[in-house]
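Written out below as structure tokens is the structure these notes cover.
This chain uses plain numbering: 1 for the first residue, then up along the sequence.
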Amino acid sequence: MRILVAEDDPDLGERVRTSLREAGYAADVATDGEEADYLGREEPYDAVILDLGLPQRAGLTVLANWRREGNPVPVLVLTARNAWYERVEGFEAGADDYLGKPFHMEELLARLGALLRRRHGRPGGPLEVAGLTLDEAAQTVRTPDGTTNALTATEFRLLRYFMLNPGRVLSKAALSEHLYEYDADKDSNVLEVYVRRLRAKIGKERIATRRGQGYLLRADGP
């Protein structure tokens, strides 16, 4: 899952990015509204954490631009403004959730996770598909026989994306765009290695290859 953090405070932006990475997300940071507007239009983010007080282009303007262009990306707004009518303006511009500054990083991650679940039509609680249970806090997966396997950071990001999109064919390009940050080397051969490693941990039949199309996590198990 790939997140855009639009925050002009470099220290806060880096703290948020570090926390997102530790939680298993790929994260890019934009420090002004023009950069955020551009990245949000050009890159396939799964969600955006958007500060309203951005220089060069206000956060509300950026958000309104995306919505006017039909961009449905979930947006969690960060703001030091606490007046109720300012929050209403944000929701009317297309915000999905609000978080006031200062905030606890744990709440930010919880709200972000809820946004992503709603986007994919998944209920709260542990992420479960065809007998697989993903522990997002521990970054482990439990298989139907009760075995728990630890996952590397990339394995975790890849499996979580598969489990949020069960039964859907995902191309290598789409997977790379949602797993890696903007300036990362998106090598499809490396992706194949991680798919092979996941198969060894959850069962090779669970991730099917669709030649010329990509990969599919079987929604009904092997």
Side-chain angles (χ1 to χ4, degrees), residues 1-4 17 20-28 39-48 71-74 109 112-222:
M1 307 292 281
R2 188 173 167 204
I3 311 301
L4 174 62
R17 174 157 62 178
L20 288 172
R21 286 172 170 171
E22 291 174 350
Y25 299 99
D28 299 322
L39 288 174
R41 285 185 283 107
E42 298 297 323
E43 296 294 317
Y45 290 106
D46 295 289
V48 178
N71 186 344
V73 63
L109 293 173
L112 177 64
L115 276 184
L116 291 169
R117 293 293 187 87
R118 291 198 295 271
R119 171 72 181 275
H120 290 272
R122 307 293 298 181
L127 188 55
E128 298 180 337
V129 175
L132 297 175
T133 302
L134 189 67
D135 186 327
E136 297 181 69
Q139 298 188 15
T140 61
V141 61
R142 188 175 72 247
T143 54
D145 64 2
T147 301
T148 297
N149 291 299
L151 301 167
T152 67
T154 303
E155 290 169 354
F156 172 71
R157 291 201 300 271
L158 179 58
L159 183 56
R160 178 166 56 185
Y161 198 69
F162 272 131
M163 292 180 70
L164 286 170
N165 296 276
R168 175 185 169 194
V169 177
L170 302 170
S171 69
K172 291 179 182 179
L175 286 170
S176 295
E177 287 175 342
H178 289 274
L179 291 178
Y180 298 114
E181 293 169 354
Y182 183 73
D183 55 357
D185 181 13
K186 302 176 179 65
D187 188 337
S188 63
N189 293 325
V190 174
L191 182 63
E192 291 175 5
V193 171
Y194 285 111
V195 169
R196 187 163 61 248
R197 291 180 181 176
L198 271 185
R199 283 172 167 156
K201 293 183 177 182
I202 67 173
K204 63 180 182 180
E205 303 87 1
R206 291 183 176 276
I207 301 176
T209 299
R210 295 289 185 262
R211 197 166 301 278
Q213 296 178 292
Y215 300 104
L216 174 147
L217 178 69
R218 298 182 188 278
D220 54 356

Main chain of A150, side chain of K201: is a donor-acceptor contact present, judged purely on distance under 3.5 Å? yes
* To do: Evaluate the ring planes of Y161 and H178, with Trp represented by its six-membered ring, and classify them as parallel (under 30°), tilted (30 to 60°) or perpendicular (over 60°).
  => parallel
For M163 and V129, the nearest pair of non-hydrogen atoms, with its separation, is O-CG2, 3.4 Å
For P126 and R117, the nearest pair of non-hydrogen atoms, with its separation, is C-NH2, 4.2 Å
Candidate pair L198 and V141, rule side-chain contact (heavy atoms from CB on, under 4.5 Å), full reasoning: CA-CA 10 Å; L198 271 185; V141 61; over 6 Å; no
In this structure, OH of Y215 is separated from CG of L191 (nearest 0.5 Å) by 6.0 Å
Legend entry - E181 (side chain) donor-acceptor with D28 (main chain) under 3.5 angstrom: no
**Message:** Donor-acceptor pair, distance only, cut-off 3.5 Å: does the side chain of R206 make one with the backbone of L132?
**Reply:** no
Between Y45 and V73, the two heavy atoms sitting closest are O-CG2, 3.5 Å
N/O donor-acceptor pair under 3.5 Å between R197 side chain and T152 backbone:
no
OG1 of T148 to CZ of R142, rounded to nearest 0.5 Å, is 6.0 Å
Within the supplied structure, the quantity of interest is the number of heavy atoms (other residues, nucleotides, ligands) at a distance under 6.0 Å from R119 CZ; does it exceed 12? yes
Heavy atoms of V169 and L216 approach each other most closely as CG2-CD1, 3.7 Å
Between V190 and Y180, does a side-chain contact (heavy atoms from CB on, under 4.5 Å) hold up when you go through it step by step?
CA-CA 12 Å; V190 174; Y180 298 114; 4.2 Å; yes
Here the gap from N165 atom CG to L175 atom CG, rounded to the nearest 0.5 Å, amounts to 9.0 Å
request  = Evaluate the criterion side-chain contact (heavy atoms from CB on, under 4.5 Å) for residue pair L109 and L20; output intermediate values, then yes/no.
outcome  = CA-CA 8 Å; L109 293 173; L20 288 172; 3.8 Å; yes
Tightest non-hydrogen contact, residues L4 and G40, listed as CD2-N, 4.1 Å
Between the CG atom in L159 and the CG atom in L164, the distance rounded to the nearest 0.5 Å is 9.5 Å
Worksheet entry | Test item: E155 side-chain N/O and Q139 main-chain N/O as donor-acceptor pair under 3.5 Å | no
Note: A23 and F156 closest approach over all heavy atoms is O-CE2, 3.6 Å
### Task
Give a yes/no verdict on a cation-pi contact between R160 and Y25, requiring under 6.0 Å between NZ or CZ and the six-membered ring centre and an angle within 45° of the axis.
yes
CD1 (I202) and CD (E205) are apart, to the nearest 0.5 Å, by 10.0 Å
For this session: Without swapping roles, check the side chain of R2 against the backbone of P44 for a donor-acceptor pair under 3.5 Å.
Result: no
### Message
Quick one, L116 with D46, criterion side-chain contact (heavy atoms from CB on, under 4.5 Å). Give me CA distance, side-chain angles, the key distance, then yes/no.
### Response
CA-CA 7 Å; L116 291 169; D46 295 289; 3.8 Å; yes
CG (L151) and CG (L134) are apart, to the nearest 0.5 Å, by 6.5 Å
